[in-house]
Amino acid sequence: LTMAIAPIGTNVGGINASASQLISITPSDSTDLTGVRAVYVGVAGDIAIMAIGDSVAVTFKNCPTGYQLDVFAKHVMSTNTTATQLVGLI
């Protein structure tokens with residue numbers, strides 16, 4: 001059995017592949033996120049997210065510490081977001 005290893009940062013494997021980059025997310029009602037496909041919650045709370053195909057944000061209530069929200073995010077809104085220490089997986 002031979003297994004090919006993709007170079008780090010190539011994001012080979014599609015949407016189910018492991019993240020190749022991590023970014024700290026500061027909630028903002030106007031700042032676009034690029035390539036974020038999941039959000040990790042460091043400290044529990046609500047997260048208001050606008051997905052890349054949406055024009056209105058949806059608030060996920062009571063996300064626990066350590067939760068990973070699998071969504072292609074356009075914005076993590078400052079309005080209605082109380083969770084902190086958010087990390088974007090790219």
So CG of Leu69 and CG of Leu86: to nearest 0.5 Å the spacing works out to 10.0 Å
Does any pair with a residue in residues 79-90 pass side-chain hydrogen bond (donor to acceptor under 3.5 Å, both in side chains), and if so which ones, sequence neighbours excluded? Asp29-Thr79
Without swapping roles, check the side chain of Ser78 against the backbone of Pro27 for a donor-acceptor pair under 3.5 Å. no
Test your reading of the model: is there a side-chain donor-acceptor pair from Thr59 to the backbone of Lys61, 3.5 Å cut-off? no
Quick one: closest heavy-atom pair of Ala38 and Asp70, and the distance? CB-OD1, 3.6 Å
Atom CG in Leu33, atom CD1 in Ile52: separation rounded to 0.5 Å? 11.0 Å
Less than 4.5 Å apart, side chain to side chain, heavy atoms only: is that true for Met50 and Val56? no
With the side chain counted from C-beta on, respond yes when Val39 and Val87 share a heavy-atom pair under 4.5 Å apart, and no when they do not. no
Taking atom OH of Tyr40 and atom CG of Leu22, what is their separation to the nearest 0.5 Å? 11.0 Å
Rounded to the nearest 0.5 Å, what's the gap from CE on Met77 to OG1 on Thr31? Could you check? 10.0 Å
What's the spacing between Ile25 CD1 and Ile49 CD1 if we round to 0.5 Å? 7.5 Å
What about Val71 and Val76, same hydrophobic cluster or not, with Ile/Leu/Val/Met/Phe/Trp/Tyr joined at side-chain heavy-atom distances under 4.5 Å? yes
Side-chain touch Leu89/Val36, heavy atoms, less than 4.5 angstrom: no
